[in-house]
Undergrad: 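Got a structure here, written out as structure tokens. Questions coming.
A note on names: the letters A, B, ... follow the listed sequences, proteins ahead of strands, and every chain is numbered from 1. What you see is a predicted model; the values in this text were computed from it and never measured.
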Amino acid sequence: MKRVLKYIAEFFVMVFKGQLIMNMHLERKFTQIAYTICLLIVIVLAGLVVDSQLVKVESNNRKLHDLEIIHTQKSYEYQRLYRQSTVSGMLRERGSAVDKPSKPAINLVEQ
Amino acid sequence: MGRKSIAEKSRRTSNGLWVVYLILLLLTCVVFARLVVIQFSAGDEEIFSQKSTRHVLEPKRGAILSDDGSPLAISVPVYTIALDCTVMKESYARMKDREKGSRLETAWMEKARLLSVGLERILGKKSASDYYEAIRSGRASGKQYLVLCKDIDHATYTALLDLPLLNESSFRGGKIVESRTYRLLPYGTLAKRAIGYVRKAEQGVTNTHVGLEGRFDYVLHGHDGEIWYRQVDGKKKVRDYRMPYKPAEDGLDLRTTINIDIQDIADEALRTQIENDEMIEAGCCMVMEVATGAIKAMVNLRRDTTNHRLVEGYNYAIGRLGEPGSVFKTVTLMTLMEDGYVKSMSDRIPSNHGQFMTFQADEHIKDYEREHPGEKTIPIIEGFKVSSNYMFQYLAWQAYKDNPKRYIDKLYTYKLGEKFDFDLDGMGQPQILNPDNKGWGLTSLPSVAFGYSTQETPLHILTFYNALANKGRMMKPYLVESIEKNGKTVEYRGPGILNAAICSPATADTLKRGLKSVVNEGTAKRLKGAEVEVCGKTGTSRALIDGLGTFEDNLGRKKNQGTFVGYFPADDPQYSVIAVVYSKLSRQNAYGGIYPAGAVRYIVDEMFHRGMIKTGQQ
């Protein structure tokens, strides 16, 4: 058990000091190894960036959907007030003297 | 010196490489550690994977619009929120650290308490303690579906999602959300029956597709789409672009011919006439544009049997068959004129004390004879304006007794025997007694001539009178102007012609004289003095009583149908109108000259006041 622990400790020291690469004679390939690791990291980071953008897209889609629904409901509430008998009733309730027209408006036509 | 600088340079390079190596090592360790964390942090919830899930995209149902594009029916989602009271309960109970489990359970119940307070504040239907007690007892009894609120709108739903437990995932908070599409009618009950609805086929429900919603469901519904989602870091979901995507095809919009102002006027007109008379069980009213046949208003009211209020129910305008009564006399008169048996309204016939065959003697003729002593004949216009049955019995008999089929065939050319194609389902099939029927007898021809022994819908009668107003050109009544997508026309339906000429313009003009006299001196005096001159005819018929087969029961009660139909302005017809009321079994009469004429008077005056009738005023 002590020996195993000693080997593990030595392994980590070798990795930290860079001796692992030297011992495996990979020092000539160091550039390629570094390049590959950088590439992997870039790919992962790019994927995370894309995913975060997609999350924003989905969030914005939900907001748009919510706004569409709110717009529909507002249109409904607005249209409800358009009915003339509703407006007449509201005016009466508030004691207004404004009433329905008793004659049509005179149309001015450009000659 | 050279050896020292090379060694120095070599040492610096070595150090630089070592730093680069360390950075790369660090980054690799970070990535590796992150992978381990992601793999094992999912816990009891879904394990992170790249598996995509398919979701169905529901289409947005198309709107139904009025003639100016205002929405008559639009869709919004409504939500039902329920709670799974048992969520996380077992997990907390099974925890090795019992104290921690107990703390978490207490925290969950505290959130439930805060949720209850929020529900009381937002919904206001129950007290916070009631909500809390329901959740607490639900959790104790293992209730997995506790409804907190039903059919709430989007704004309320969004507000509720900020409350504790509901702002967490379903697996932690127990939130269950169900949404469905709800159809809103901005103008309330206006044209509700014409707009209609679609409902699920359930036990006892036979008619699932009603009105425009039912007839044009295939246009309004749209088509489902599909989308695939995959889970990403942070347990969020994004669209999976590797999988097929089909966007939902939203339903198309229907632009109708209904003018909401005219509909409002017609609704108020009919309602104010019949609201306070409990003996009137139902009524209908339609306004049609003469030149095109476009229906600008369609009102159908029936008296609710529980609260006696008037509600939009059965479509009487197109579905209710009834003997038209005296409004049919115009049909007979027009046929006689076209066949040359009557030259003008001034033609005279023998008065004969109003007696024809075995029919009851006509009191109108007797009145005329009293007012004009010595005269043995009566002009047609006089008989027409007082709606004399004798006159039409006599005229029809004299002209068609040897060939009644000629007269009946003419009725079919006026589409009075035909269930023509219309934008709503449920049109009644008219019935006209004809010589080929077993029931045809000696009195059948005179009976048909004054409006009995036939069954017509109000729409058929209106279509006929609209043709008269249109100088003989019979336009096909229609409700749907076009089908649109995002404001652009996809399919234009527009006007159509049923019969290019049911009569000559000269006949139509001659009849106008008679129809004017009905209003000015006859049975439709309620319309005399209206803001614009109206031409029209009243009609009052009695319906056969179900189960008895007679017009009157042993208590002298009867069921009436009162009608007024006409057009205005008389000399430049722009609109035709019909109003019909149906009485319950009672002793009183529902004359066409009372409620129906009163309703039309209101419509004419209001439309004039609001400038809807072109009078050339500048």
Side-chain angles (χ1 to χ4, degrees), chain A residues 15-18 20-21 27 30-31 33-38 40-41 43-45 47-48 50-59 61-62 65-88 99-109 111, chain B residues 14 17-18 20-25 27-28 30-31 34-35 60 63 66 70-72 74-77 153-155 157-158 184-188 190 229-230 232-234 236-241 260-261 263-265 267-268 271 531 605-618:
Chain A
V15 167
F16 182 71
K17 281 187 173 176
L20 185 69
I21 290 179
E27 64 276 10
F30 180 72
T31 320
I33 294 168
Y35 176 75
T36 308
I37 292 171
C38 286
L40 285 169
I41 288 166
I43 288 169
V44 168
L45 283 174
L48 287 173
V50 165
D51 282 349
S52 72
Q53 283 299 113
L54 288 175
V55 165
K56 280 185 193 168
V57 165
E58 288 303 321
S59 168
N61 281 340
R62 273 195 297 277
H65 180 66
D66 285 349
L67 287 170
E68 272 176 18
I69 294 168
I70 290 167
H71 172 262
T72 305
Q73 283 186 308
K74 292 282 178 215
S75 300
Y76 162 72
E77 283 159 28
Y78 163 72
Q79 289 297 331
R80 281 176 70 195
L81 297 173
Y82 184 74
R83 188 174 167 179
Q84 185 150 84
S85 50
T86 305
V87 173
S88 300
D99 204 349
K100 289 183 275 192
S102 57
K103 55 183 181 178
I106 295 172
N107 294 317
L108 301 173
V109 177
Q111 292 287 338
Chain B
S14 176
L17 277 174
W18 186 75
V20 168
Y21 168 77
L22 261 185
I23 291 169
L24 289 175
L25 182 66
L27 285 171
T28 309
V30 165
V31 169
R34 189 86 184 108
L35 280 171
K60 195 173 138 194
S66 67
S70 306
L72 296 177
I74 43 176
S75 292
V76 289
D153 63 23
H154 191 78
Y157 165 69
T158 315
L184 287 175
L185 304 180
Y187 299 103
L190 284 188
Y229 283 105
R230 62 181 174 85
V232 296
D233 198 17
K236 292 190 167 50
K237 285 189 175 171
V238 297
R239 186 181 144 195
D240 189 344
Y241 285 85
I260 205 62
D261 291 324
Q263 181 74 30
D264 195 17
I265 292 168
D267 187 274
E268 202 171 331
R271 233 174 245 278
E531 296 285 6
D605 288 348
E606 275 297 306
M607 284 182 69
F608 176 79
H609 294 157
R610 296 194 207 180
M612 292 175 183
I613 303 171
K614 297 186 199 74
T615 57
Q617 190 178 9
Q618 291 188 356

Undergrad: What residue, out of A/Val44, A/Ile37, A/Asp66, has the most heavy-atom pairs lying under 4.5 Å from chain B?
TA: A/Asp66
Undergrad: Which bit of B/Leu185 comes within less than 4.5 Å of chain A, counting heavy atoms only: side chain, backbone, both or neither?
TA: backbone
Undergrad: The criterion is side chain to side chain contact (heavy atoms under 4.5 Å, CB included); which residues satisfy it with A/Asn61, sequence neighbours excluded?
TA: A/Val57, A/Glu58, A/Leu64
Undergrad: State the NE2-CG distance between B/His154 and A/Leu67, to the nearest 0.5 angstrom.
TA: 8.5 Å
Undergrad: Report, as yes or no, whether the 6.0 Å neighbourhood of atom NZ on A/Lys100 holds more than 12 heavy atoms from other residues, nucleotides or ligands.
TA: yes
Undergrad: For B/Arg239, enumerate each residue passing the salt bridge (charged side-chain N to carboxylate O under 4.0 Å, His left out) test, keeping only those at least two apart in sequence or located in another chain.
TA: none
Undergrad: Between OG of B/Ser66 and OH of B/Tyr187, what distance do you get to the nearest 0.5 Å?
TA: 6.0 Å
Undergrad: Among B/Gly188, B/Pro186, B/Gly611, which residue has the highest count of heavy-atom pairs closer than 4.5 Å to chain A?
TA: B/Pro186
Undergrad: Over 60° means perpendicular and under 30° means parallel, so tell me whether B/Tyr21 and A/Phe30 are parallel, tilted or perpendicular.
TA: tilted
Undergrad: Quick check for you: among B/Ile265, B/Asp605, B/Leu190, B/Val30, which has the greatest number of heavy-atom pairs under 4.5 Å with chain A?
TA: B/Leu190
Undergrad: For B/Ser75, is it the side chain, the backbone, both or neither that has a heavy atom under 4.5 Å from a heavy atom of chain A?
TA: backbone
Undergrad: Heavy-atom pairs under 4.5 Å with chain A - which of B/Ile74, B/Asp261, B/Val20 has more of them than the others?
TA: B/Ile74
Undergrad: Can you tell which part of B/Gln263 gets under 4.5 Å to a heavy atom of chain A, answering side chain, backbone, both or neither?
TA: neither
